[in-house]
Structure formats: structure tokens, C-alpha cells
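The block underneath contains the structure these notes are about, expressed in C-alpha cells.
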Amino acid sequence: MSPSRHSGYAPQDIEPKWQKVWAERGVMKAADDSLKPKFYNLVMFPYPSGPLHMGHMRNYVIGDVLSRFKRMQGFEVLNPMGWDAFGLPAENDAIKRGGGVHPEDWTRGNIAIAKQQLGIMGVLYDWDREVTTCDPAYYRWTQELFLLMHERGLAHRMMSPVNWCPVDKTVLANEQVINGRCWRHPEVEVEKRDLEQWFLRITEYADRLLDDLKLLDHWPERVRLMQANWIGRSQGVEVEFPIDGHPGESMRIYTTRPDTLFGVTFMVLAPEHPLVEKLAVQSRRDVVRQVVEASRREREIDRMSSEVKRLGAPTGAFAVNPLNGEKVPIWVGDYVLITYGTGAIMAVPGHDQRDFDFARQFGLPIREVIAPPSGPQRDLYKAYIGAGVVVNSGPFDGIDSKTGAERIADFIEQKRIGKRSVKYRLRDWLISRQRYWGCPIPVVHCEVDGIVAVPREDLPVLLPREYRPLADNAEFWRAKCPKCGRDARRETDTMDTFIDSSWYFLRYTSAHDKTQPFDPELANHWMPVDQYTGGIEHAILHLLYARFFQKVLLDAGRVDATEPFARLFTQGMIKRGGAVMSKSKGNGVAPDDLVERDGADAARIYELFIGPPDEDAEWSDAAIAGPVRFLQHVWRLVESPDSFEVTGSDVSTTLLRRRVHQAIRKVTEDYESFHFNTAVAALMELANTLQKFLQGGGQRDEDWQFAVRMLVLLMNPMAPHAGEELWSRIGGTGLAADAAWPEFDSAAAAEMDVTLVVQVAGKVRDRLTVPVGLSEEKALAMALASERVGAAFDGRKPSKVVYVPDRLINLVP
RNA sequence: GUCGGCGUGGCGGAAUGGCAGACGCGCCAGCCUUAGGAGCUGGUGUCCCCUGGACGUGGAGGUUCGAAUCCUCUCGCCGACACCA
């Protein structure tokens, strides 16, 4: 059934019409040379994995509302769109279908569908700037940026343990490892193999990535916190422990608690630590090797439980505590990570829970060196990890642990047995993927010259059309060394797709540049992105990588902005049936069906009205009726105001004017602050006021015309098709999309009378209608004159009066 | 375990120190109507001695003239990270 039957509102008729007009007139084309202030509005580009559902669409609707709003406010808006088109799902899907579909065809097909879906939702972009990361015209510049990283010493090859499926004989991405098993062969455990991999040295930027978070005061606090935790800077001390009986050999450890150095009762090496083999005494070698092997396998299996039994064995060697000369045993233990700090620790079971558990399990001694302020009694089941007074620590006894940590660190540096040091949990970024559907890494391996970059003029290194691993494609990997001309082997790894998305926002600023990744002048004109909108799932990786790229490009003199995204908004997910809407769960709502039944405008408004956009929301199939009725209501108000019966109401012309100006103020503020749900509510209220005005027999004079015009313009960013149609029907000049945003008149918006709440001891006793700005004396007199209040005081004076003008008066007896 | 977020009618939510429940969904009653899943009017937190009043924002305490809002503790749900020395 079409809603048109009763209100005349027929979205199916008007929506395609205006979509065509917007496209023909290039409404969302951004001019590089405009005199208007620029506004770069960016929505995270999608991975085209299939048709979009209303969960995805929320993001694009929010972005579109903002673009349209900012345009009407007089900004030159850059609002581009593209496709994060490389990646595993394309290959997985091809595999699922027996290899029948080429990843590229699958991807291009999905792009075409998604693009069409955005179109029918009335979401506009400057499609002239469209980028697709799997286009050679794009990835050629991804390769160029890789070369830039390589030249700057930021891209390097290094041995690294990777996940290896023994059946497929291939490396797996982390996402393809499920509970330590291959996603396609759950019967076999994944192995760790050491392979040479490409890394980007993001750790060199750890400090700046952390410190510059302070500049991002328009980012959500929690995203900044997540990034700070991910980078994980800690300050501590590295200390050398000489090894007993191995002159010249020492064990370097890192600790954030130098105040506990006198509490060391043993040392632990990570199983992968090179000293393990060297130090293990003959009689211990087999046991130690067993632990190393077992922990190697253990690593792969989900270790969610904190009650895991530790793996460990003594090496038989001893280290000497450089502070007190004590000999302590060196163990190997699976709880020490080779990837953090020095891969070796001093164990202080008295004041570290993990060391405590290990000591308990293996019967190692525990010594107290920090006395808790609460007294000397110690919990036998856990370590005391708090601050206190240093004890059993020779010359440092008696000082508080915080000062003690500094004194001992000073002492260590004076004696040259160690130094203060900063560590990060952030690792270098492993970007190699042994996968077909990705951007080829543009280097060649030559037996004589080693790793040689492909010269820029030879870019792009084209991904062959033939779908099979690049390492198996001799036509691809057979190459000549660019330096010496000998036969060489082309790199067959492709890049992590997060690289493609780390610079796409720069490409939009000059999407057709044939000589460079982006034109620095245009990039500097548009950057930074004024508003970036996307899912919270990208709070860490994508946003960190993009910030890293921006800083590298800043250092290379290619961009001026320190940070790429000035303002960030992370929208919540749409759930249905309690689960996040997704293709795999089959609970997605297709925009196509909604558009057909209720129209794009109703679908858009419902998505905005569903709740605060930064929070998750539960989809209701029934609740879209509200937005549908709202649009019909507005249509009827504008197109057939005579159809409202005059039944009497008290909405005067003055009140109508006032409500209109209040709505302008409210809706403008709500758009600015992303409170779209309350913006919709404000427009619904305005429509209800217009109806009351008609029912009160209000004349359709200038004030009425003004009210209608404002209603249409205010709703236009959210319901642009109905907005355009009504705008043209009421004789608006040009497109509503190009109309100037309404300004409110604060005098016209001001109320004459307000409701003053009268409280006695904080309880509401009466409500008085009083003029704005009433004096306290008059308010008090009126309050006491009130029957229900006067009775409570019976002629006595209140002991206290709290008066909040235009709001309330509270009388305390 | 660590960090963070959220708990308000039957439902989505509004109110960020000042009238709790705006706006909408659903529901109830009525009107109109050859019947539409339309439109219009009124109602819709709980309870009571019902022109009024008491209680009410997960729970317990606190600060304040006044708390959904701030503080402490606690319970529940969700998310991120997870042996980071």
C-alpha cells in the first residue's frame, strides 16, 4: 500500500526525480578554488563485501545529513567516497564458491550494488573523486608511498613467527586462526614458523602518536584512551645481571619497579630467548627444551583462563644481583614474552602477582621488600603490588617506595649497571601478506644486490589477473634486478589492506593526479579532515595507522597538518534481534526494500530517530511508522492545509513565530552536535504546532508561509527528497540543497511567560505562569499567595528561599 | 585481570544539578468513514482514601534548598585490551 492514498505523499514518485536532478546539477561536487570556507566531511569508506544493510547505512546517512547541512550553511563541502577493495573476504568468497568467481569480479560487483544502494537512499558524494584501492591508478601510489617508507628506513624485512597451516602449506592471517586451528582445517593445529616479513617501523613514531593525542580534543575520550593503551608507554630501568661462571655474559632485564630489586629471588627468560640454549646446563637441557617446545605450541591455543598452569624449568645457571651480590637461579618460563622489554625478567614474587604464582607453583622463595602501610601482616595468597616503605634493601631501607625507585634508578645509572628506559607495547607493523588479493610490494630480490626497490618509473607493479598465489606464478615473480640486470625474484608478498586505507583521504583531494599520490597544495587546502565519521571498531588500528602515515608524510614535507582528522565521531551499531546487524547473521534490513515500501526519506529519518548516534540501537520493524507519518503530516500541512478541521486551539500567530524560531535554534544546535534524534523530535513538535495553528483557525498569512518554509528547510538535510519537492511546490528559489540555512532571531524566539515551579522543601507544590525575568520579591509574594503554599507556612516566613529566575522558587520552612 | 561504556514506562528514547518520562512506537476508548495497515480527539509509570496525594530513573549510602544527573560502595549487561614485568 502506498502512503500516497491519504496524504498525497508519494516518495516512490518524487525520490528518483530529485536524485536525477542532484546528479545532473553536480550538487555535491567540491570546487578546489571556491572562495567559501572549506569543510572536509569524510565517512570511513566501506569494504565492499556484499549489499549494504541499514546497519552500514547509518554511517552514510549521518555523513550525508552533515554534508547537506554544511553546504546550506555556506561551506564548500568535500564529501568523497571510495572503496577499500583489497582484502581477504574477496578471496574467501571465491574459495567458497569453488574458485568460480575472481576476487576482482566479486569486488567490482559488490561496489556496483553498494553504489546503487547509496543512490536510492539519496546519499550524495562527489563521485568524480571516487577511489578504489584495487585500481592500479590507486595502488601504484600505495606502492610509491611504500618506497618512500623504504627510503626513509621505515620499511624493513625481519624474521618473524607467523601462523602456518601445514595442510594448505601457507601462511594464515590472524583472523584465519580459530582457537589455534586453521579455519579451513579445524583438525590440524596451526604451526608457528619463522619467516622473513616486511614491517613498518611505527614504533619510531610511538612517542608522537601518543603525545599528539593531546591535540585531538575533538575526538571521543575513549578512542584516545584506547590508542594510548595500545601504544602503552611505560617508564622503567634496564639492568644487567652478570651470569655466574660466564664472564662477560650478562642477562639484561627491564623493570618498572626498581624499588623491588632487593626482592629478586630468581630470574626468568622467555622460551625464545637466545640465552636459553647457551645457559642451560647439560643435565637440564632436555627439560628446558621440553618447556620451550610446549610453550611454542601453547602460544597458539586460546589462553583465556587466568588459572593456567605455568610452564617453567630451571636452566641450572645463576645470575648475580648487581645490587646485593646474591646468586639467584635463572629459569625459563612461558609467562615471559620475548616481544616485550628485553624478553627476560627479574622475578620479585613478593610484589608481582605473576612472579608470585610462578614461585608458588615451583616452590621458589618469596621475599618482602616493600612493607604495606597497613602493617607487616602479609596475605599468603597474593603479592603486595602497592606502594609502601622499602625494607630488607640495605642502604635503601626506610624510605617510601616511590622515592626508593628513583634512588635505586640513580644508583644503577651511577654504577653503570643499567639505565632508565622507556618501553612500548606497540609493535612494529607486520604488513606482509602471503595473499593474492592485495597491493604487491614493489621490490625485487637479487642475489647480488639484495633487496632492490622497483624504480618509480616502473610502477605500478601490476597484480596479474590470474588468480593464484603470486609465489606460484613464475610469470609474475621472474624479474630482472633493476640495478645489475641479472635474473632476480620479485617480491611475492602483498601489503596489509590497512595500508591502502592509511592514505585514501589524501588521494580524494586530487584523485586524478597522474604524477604523484596527491597534490600537496590541494591536500593542504582540504586537510585536515574536519569531520571523520565511522565505526568504533576502527578506534585503534585504522586511526593509528592513518595518523602514522600522516606524520611520515609530514616529515617528508608532503603535508602540513600534524594530524589527519580534526574531529572524530564514532557511531554505534544497529542491532536486530539482540545481535549486531550483519550479513553472516542474516538479520540485516535491506535499504532497497525499505525505500520501495516507505521511501528513502522515511528510512533516513528512522535511522536518525532511532537513538543517540554514538550508541548502539535496536532496530524495530514497526517503529518506522512514526517517520512515515511525520512525512505525510508535513506533506499535508504544506499541500492541503485546508484538510485540517478548525476545532479550536490557542496557537496564536505570535506563538507560531516563536515556536518556529525556537525550532531553528534547536535543530541547528542538534545538527552541530550530532543529536539527530532530538532534531527529528523538534521537527515533529514543530509540525504538531503548525497543525494546532490551523485547527485554531489561524490565517495562512506571511507568518504561516514563513513557518512552512522553515519547516521544509530544517528537515531538508534529513529528508532531502521531500524537502526538494515541497520547496519547489511552495515556490522556493533554486534547489533546497542550495538554499541558505535559516537564521534564528533570538528576540522572536524568546518566551514572554514562563512556568515557575513553586517548591516547598524541594517538593513541587504549585506551578505559576509568570512573566520572564520576574523579580525575587514578586516571585516570593506570588508563591506565598498560592493556596497550597501559603497553607504550609501559615503566615510564617520561610527560613530560606532559593530562587532560580524563570525556573523555580524553593521555599524551605 | 586491566581500561572504558551503559542501566529511566510495555518498547526506542528525552531531560547532564531545578516540572522525570519530550518526541515516537505500541496499546485503550471515542469520532469519522461502503473498511484503509488511513485520518481526527482523548487517554496511557505504579499505588491510594482519585477536583487531590504518596511513591518512582538497577540497589545501598552520601553531598545539596533541590540528584536520573555529582561522590562512595554494590549488582547487572556490553565493549576493547589481555601474562606488557
Side-chain angles (χ1 to χ4, degrees), chain A residues 1 3 5-7 220-223 225-226 228-230 232-234 236 253-257 260 268 270 303-306 308 310 333-337 339-348 351-355 357-358 385 423-427 536-537 539-540 572-573 575 605-606 609-612 614-630 632-633 636 643-645 647 675 677-688 691 695 755-764 766-767 788 798-804 806-813:
Chain A
M1 202 248 8
R5 198 146 144 202
H6 303 287
S7 64
E221 180 62 22
R222 66 171 172 150
V223 175
L225 265 168
M226 283 164 85
N229 290 341
W230 186 264
R233 178 156 65 192
S234 82
I253 59 92
Y254 172 73
T255 180
T256 54
R257 292 292 303 274
T260 63
V268 190
R303 288 169 302 155
M304 304 303 269
S305 166
S306 54
V308 260
R310 306 273 186 230
D334 68 334
Y335 77 104
V336 177
L337 305 174
T339 47
Y340 187 76
T342 59
I345 63 153
M346 63 176 209
V348 185
H351 306 287
D352 182 283
Q353 191 57 39
R354 295 152 302 178
D355 297 345
D357 293 341
F358 194 82
I385 56 171
K423 301 281 178 208
Y424 303 90
R425 44 190 331 147
L426 182 69
R427 296 288 118 73
I536 186 71
E537 67 273 19
I540 298 174
M573 289 180 280
K575 298 179 178 181
I605 289 181
Y606 177 58
F609 191 49
I610 195 167
D614 52 343
E615 286 172 27
D616 289 355
E618 178 75 24
W619 182 272
S620 153
D621 292 308
I624 193 173
V628 170
R629 274 175 214 150
F630 165 69
Q632 290 171 349
H633 193 197
R636 197 175 149 201
S643 67
F644 288 94
E645 230 180 304
T647 53
H675 293 142
N677 53 330
T678 49
V680 175
L683 290 173
M684 287 173 167
E685 283 182 85
L686 182 60
N688 292 342
Q691 179 182 332
Q695 290 172 328
T755 302
L756 186 73
V757 172
V758 182
Q759 294 182 339
V760 175
K763 300 228 177 249
V764 178
D766 205 354
R767 295 183 175 88
R788 274 177 274 168
S799 66
K800 183 169 184 176
V801 176
V802 180
Y803 182 53
V804 184
D806 303 339
R807 277 189 185 270
L808 66 75
I809 184 162
N810 187 12
L811 312 181
V812 185

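In what follows, every chain begins at residue 1, and chains take the letters A, B, ... in the order their sequences are listed.
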Which letters describe nucleotides 17-22 of chain B, given B = protein heavy atom under 4.0 Å from base, S = only from sugar-phosphate, - = neither?
-BB--B

When you compare B:rC19 with B:rU69, how far apart are their C1' atoms, in angstrom units rounded to a whole number?
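Approximately 15 Å lies between the C1' atom of B:rC19 and that of B:rU69.
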
Mind checking the P distance from B:rA85 to B:rC11? Whole angstroms is fine.
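Pairwise P distance, B:rA85 against B:rC11, rounds to 45 Å.
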
Using a 4.0 Å heavy-atom cut-off across all strands, classify [X] as base, sugar-phosphate, or nothing.
X	value
A:Thr255	sugar-phosphate
A:Pro627	nothing
A:Asp355	nothing
A:Ile540	sugar-phosphate
A:Ile610	sugar-phosphate
A:Lys763	sugar-phosphate
A:Arg425	base
A:Arg427	base

Between [N] ([atom2]) and [X] ([atom1]): distance, integer Å:
X	N	atom1	atom2	result
A:Asp614	B:rG13	CG	P	12 Å
A:Ile536	B:rG5	CD1	P	12 Å
A:Gln695	B:rU41	CD	C1'	9 Å

Give me syn or anti for [N], where syn covers glycosidic angles within 90 degrees of 0.
N	result
B:rG42	anti
B:rC50	syn
B:rG56	anti

Return the set of residues passing ring pair (Phe, Tyr, Trp, His ring centres under 6.0 Å) with A:Tyr606 (not counting sequence neighbours), or none when no residue passes.
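Checked A:Tyr606 against ring pair (Phe, Tyr, Trp, His ring centres under 6.0 Å); matches are A:Trp619.
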
Given B:rG39, B:rC83, B:rG26, identify the nucleotide with an atom nearest to the side chain of A:Ala625.
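The answer is B:rG26.
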
Nucleotide nearest A:Pro612 (side chain, heavy atoms from C-beta), chosen from B:rA85, B:rG13, B:rU41:
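Among B:rA85, B:rG13, B:rU41, the one nearest the side chain of A:Pro612 is B:rG13.
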
Structure string for RNA chain B in dot-bracket form, Watson-Crick and G-U at under 3.5 Å, | interchain
(((((((..(((.....[....)))((((((.......))))))((((...))))..(((((..]....))))))))))))....

Check the phosphate of B:rA85 against A:Tyr340, side-chain N and O only, distance under 4.0 Å to OP1 or OP2. Yes or no?
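A:Tyr340 to B:rA85 OP1/OP2: side-chain N or O found under 4.0 Å.
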
Sole candidate of A:Ile809, A:Leu808, A:Asn810 that passes side chain to side chain contact (heavy atoms under 4.5 Å, CB included) when paired with A:Val757:
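Only one option passes, and that is A:Leu808.
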
More than 12 non-hydrogen atoms from neighbouring residues, nucleotides or ligands closer than 6.0 Å to CD on A:Glu645, yes or no?
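Open.
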
